[in-house]
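Here, residue 1 is the first one in the sequence, and each next residue gets the next number. Below, each value reflects all heavy atoms present in this structure, side chains not excepted, and no hydrogens, waters or symmetry copies.
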Amino acid sequence: MRRIRLRLSLPLLLGCVLLYMGVAHAQPRLLHTEPSQFGKILVFEENGERCLNFNSMVDFGRQTCLDLDQPDQLVFSYTRMMASALFAKPDPRAILIVGLGGATLQKTLAKLLPDATIDTVEIDPAVAKVARDYFGYQPGPRQRLFVDDGRAYIEQAHRDGRQYDMVMLDAFDVDYIPRHLMTIEFLEHVRGILAPAGIVVANTFTNSKLYEQESATYAAVFGDFFNLRQGNRVIVAGRGTLPDDGTLARNAAALARPFGKLGVDTELAVGWFSRYQAGAAQPQVLRDADK
């Protein structure tokens with residue numbers, strides 16, 4: 001009996017190995033190429049996901065991926081962390097997002113906060129076109145798009161006295177965040193457009209050589225902040241006092257049902273919120289003059 005089972009299992013085992021090898025080496029299927037002054041934009045599909053990237057389909061720096069079977073699910077850990085900033089500020093009515101990509105945050109926040117107005121600043125009109133054509137982004141009265149440099153827009157908003165309850169910074173160039181979106185001068189403008197209890201939510205890297213300087217710069221402008229690390233790092237800082245742990249937990253519990261549809265366990269996610277406390281000896285902050 002053992003020999004018979006072994007003979008029957010070998011073809012099945014071989015088939016499984018071949019299937020695994022086929023999946024592991026499956027090539028992404030290119031759907032669209034969009035020319036851009038910042039680099040060729042590629043839209044492609046693989047393993048049940050539609051993704052957006054610059055210049056190459058084969059790397060680890062994808063801008064957006066959408067699960068085709070479960071489009072509400074958040075594929076990347078950084079989008080889950082950024083959405084969980086609602087634990088700190090659950091009721092923003094005016095939101096500004098710098099960086100569009102495939103509009104994952106824009107669409108997610110629109111579903112979670114149907115009465116909020118979400119303004120997006122995107123420097124590249126080609127990205128906006130791809131987001132509309134391939135990722136379901138639909139600008140409208142509550143989903144407004146401005147084609148502009150993020151810093152220029154925020155500086156003008158500061159001069160005009162506009163305010164936002166939440167500002168999300170999610171703009172990257174080829175390697176990292178554009179330098180002019182990291183300095184103390186820029187962050188002072190960001191603080192200037194925050195409502196009195198407003199927060200800023202910034203997607204950054206955990207392994208950047210500027211990690212300590214970046215932390216010192218945020219601390220210099222905002223004081224202590226939340227430091228979330230799951231793959232990327234997400235900084236959550238506020239113009240006022242940050243909520244205590246009990247408030248975070250209560251807000252997370254209230255959002256458990258809608259966040260479950262995003263694929264986020266709020267009991268687990270509230271544990272992401274560690275606190276970065278500014279120490280006496282700080283690295284040099286990042287300044288415009290250093291560029």
Quiz prompt | Smallest separation among heavy atoms of Ser215 and Arg233, with atom names | solution = OG-NH1, 2.9 Å
Quiz prompt | Straight-line distance of Gln106 CD to Met168 CE, nearest 0.5 Å | solution = 9.0 Å
Self-check item: Any Leu96 side-chain heavy atom under 4.5 Å of Ile193 side chain
Solution: yes
Quiz item: Are any of the side-chain heavy atoms of Leu228 and Ser84 separated by less than 4.5 Å?
Solution: yes
Quiz item: Just one of Leu31, Thr33, Asn53, Leu52 clears the side-chain contact (heavy atoms from CB on, under 4.5 Å) bar with Phe44, so which one?
Solution: Asn53
Exercise. Kindly determine whether Ser274 and Asn227 satisfy side-chain hydrogen bond (donor to acceptor under 3.5 Å, both in side chains), including the steps that lead there.
Key: CA-CA 5 Å; Ser274 64; Asn227 200 41; 4.7 Å; no
Exercise. Might you point out which heavy atoms bring Gln73 and Gly260 nearest each other, and give the distance in Å?
Key: NE2-O, 4.2 Å
Quiz prompt | Leu42 side chain near Asn55 side chain, heavy-atom distance below 4.5 Å | solution = no
Practice problem: Mind running side chain to side chain contact (heavy atoms under 4.5 Å, CB included) on Arg179 and Asp288 for me, showing each step along the way? | Solution: CA-CA 8 Å; Arg179 180 79 177 208; Asp288 285 350; over 6 Å; no
Self-check item: Atom pair CG (Leu74) and CE (Met81), whose distance is rounded to the nearest 0.5 Å
Solution: 11.5 Å
Exercise. Kindly write out the residues that satisfy salt bridge (Lys or Arg N to Asp or Glu O under 4.0 Å) with Asp119, not counting sequence neighbours, or none if the list is empty.
Key: Arg144
Self-check item: Beyond-backbone contact of Val234 with Val201, side-chain heavy atoms, under 4.5 angstrom
Solution: yes
Quiz item: How about Leu194 and Phe222: do any of their side-chain heavy atoms sit closer than 4.5 Å?
Solution: yes
Quiz prompt | Linked, directly or transitively: Val190 and Met166 (ILVMFWY side chains, under 4.5 Å) | solution = no
Quiz item: Once you round to the nearest 0.5 Å, how far does CD of Gln63 lie from CZ of Phe76?
Solution: 8.5 Å
Quiz item: Tyr276, Val236: one ILVMFWY side-chain cluster at the under-4.5 Å cut-off?
Solution: no
Exercise. Report whether Val121 and Met82 are members of the same hydrophobic cluster (ILVMFWY, side-chain heavy atoms less than 4.5 Å apart, transitive linking).
Key: no
Practice problem: Using atom types as modelled and distance alone, determine if a side-chain donor or acceptor of Arg151 lies under 3.5 Å from a backbone N or O of Leu181. | Solution: no
Quiz prompt | ring pair (Phe, Tyr, Trp, His ring centres under 6.0 Å) involving Phe273 - partner list, sequence neighbours excluded | solution = Phe87, Phe226
Quiz item: Under 3.5 Å, is there a donor-acceptor pair between the side chain of Gln213 and the main chain of Leu286?
Solution: no
Self-check item: Summary of salt bridge (Lys or Arg N to Asp or Glu O under 4.0 Å) pairs that have at least one residue in residues 242-257, sequence neighbours excluded
Solution: Asp245-Arg275
Quiz item: Sequence neighbours excluded, which residues qualify as salt bridge (Lys or Arg N to Asp or Glu O under 4.0 Å) partners of Arg50?
Solution: Glu45
Exercise. With side chain to side chain contact (heavy atoms under 4.5 Å, CB included) as the test, would you mind laying out the steps for Lys40 and Glu34 before giving the verdict?
Key: CA-CA 6 Å; Lys40 184 171 55 178; Glu34 186 72 27; over 6 Å; no
Self-check item: N/O donor-acceptor pair under 3.5 Å between Thr217 side chain and Ile184 backbone
Solution: no
Exercise. Taking the side chain as every heavy atom from C-beta outward, state whether Asp170 and Val98 have any atom pair closer than 4.5 Å.
Key: no
Which atom pairs, donor and acceptor, lie under 3.5 Å between side-chain atoms of residues 126-133 and protein residues at least two apart or in another chain?
{"residue": "Lys129", "atom": "NZ", "partner": "Asp133", "partner atom": "OD2", "Å": "3.0"}

Exercise. Give every residue pair that meets the salt bridge (Lys or Arg N to Asp or Glu O under 4.0 Å) criterion with at least one member in residues 107-118, sequence neighbours excluded.
Key: Asp72-Lys111
Practice problem: Verify, without hydrogens or angle tests, whether Glu49 (side chain) and Asp67 (backbone) share a donor-acceptor contact under 3.5 angstrom. | Solution: no
Practice problem: Take Ile123 and Val147 through the side chain to side chain contact (heavy atoms under 4.5 Å, CB included) test and state the conclusion after the steps. | Solution: CA-CA 5 Å; Ile123 195 171; Val147 178; over 6 Å; no
Quiz item: Of the non-hydrogen atoms in Asn232 and Asn203, which two are nearest, and what is the gap between them?
Solution: ND2-OD1, 2.9 Å
Quiz item: Quick one: side-chain hydrogen bond (donor to acceptor under 3.5 Å, both in side chains) pairs with a partner in residues 258-273, sequence neighbours left out?
Solution: none
Exercise. Look only at the side chain of Ser77 and the backbone of Gln230, and say whether a donor-acceptor pair between them is shorter than 3.5 Å.
Key: yes
Quiz item: Can Leu169 and Val200 be said to form a side chain to side chain contact (heavy atoms under 4.5 Å, CB included), step by step?
Solution: CA-CA 8 Å; Leu169 305 177; Val200 57; 4.0 Å; yes
Self-check item: same_hphob_cluster(Tyr164, Leu109) at 4.5 Å side-chain heavy-atom cutoff
Solution: no
Quiz item: Short question: side chain of Ser208, backbone of Phe205 - any donor-acceptor pair under 3.5 Å?
Solution: no
Quiz prompt | By side chain to side chain donor-acceptor pair (under 3.5 Å) - contacts of Asp224 (at least two apart) | solution = none
Quiz item: Nearest 0.5 Å, what's the CD1-CD1 distance between Ile235 and Ile199?
Solution: 12.5 Å
Self-check item: Heavy-atom side-chain contact between Leu86 and Leu112 under 4.5 Å
Solution: yes
Quiz prompt | Sequence neighbours excluded - salt bridge (Lys or Arg N to Asp or Glu O under 4.0 Å) pairs with any residue from residues 84-97 | solution = Lys89-Asp91
Quiz item: Roughly how far, to the nearest 0.5 Å, is the CG atom of Leu210 from the OG1 atom of Thr204?
Solution: 10.0 Å
Quiz item: Any sub-3.5 Å donor-acceptor pair from Thr64's side-chain atoms to Gly102's backbone N or O?
Solution: yes
Quiz prompt | Cluster overlap Ile97 with Val75, hydrophobic side-chain contacts below 4.5 Å | solution = yes
Quiz item: Can you find a pair of side-chain heavy atoms, one from Tyr211 and one from Asn207, that are under 4.5 Å apart?
Solution: no
Quiz item: Are Asp124 and Ser36 linked by a side-chain donor-acceptor pair shorter than 3.5 Å?
Solution: yes
Practice problem: For residues His158 and Glu188, report the shortest heavy-atom separation together with the two atoms involved. | Solution: CE1-O, 4.2 Å
Practice problem: Not counting sequence neighbours, which residues clear salt bridge (Lys or Arg N to Asp or Glu O under 4.0 Å) with Arg162? List them please. | Solution: Asp160
Quiz item: Is Thr108 reaching over with its side chain to a backbone N or O of Leu105, donor-acceptor style, under 3.5 angstrom?
Solution: no
Quiz prompt | Heavy-atom pair with the smallest gap, counting every atom of Leu66 and Pro71 | solution = CD1-O, 3.5 Å
Quiz item: What pairs meet the salt bridge (Lys or Arg N to Asp or Glu O under 4.0 Å) rule with one or both residues in residues 192-203, with sequence neighbours excluded?
Solution: none
Practice problem: Return each pair, listed once, that meets ring-ring contact (aromatic ring centres under 6.0 Å, His included) where at least one residue sits in residues 118-149; pairs must be two or more places apart or across chains. | Solution: His32-Tyr134, Phe146-Tyr153
Self-check item: Over all atoms of both residues, closest heavy-atom pair of Gly263 and Arg80
Solution: O-CD, 4.2 Å
Quiz item: Are any side-chain N or O atoms of Asn251 and backbone N or O atoms of Leu248, one a donor and one an acceptor, separated by less than 3.5 Å?
Solution: no
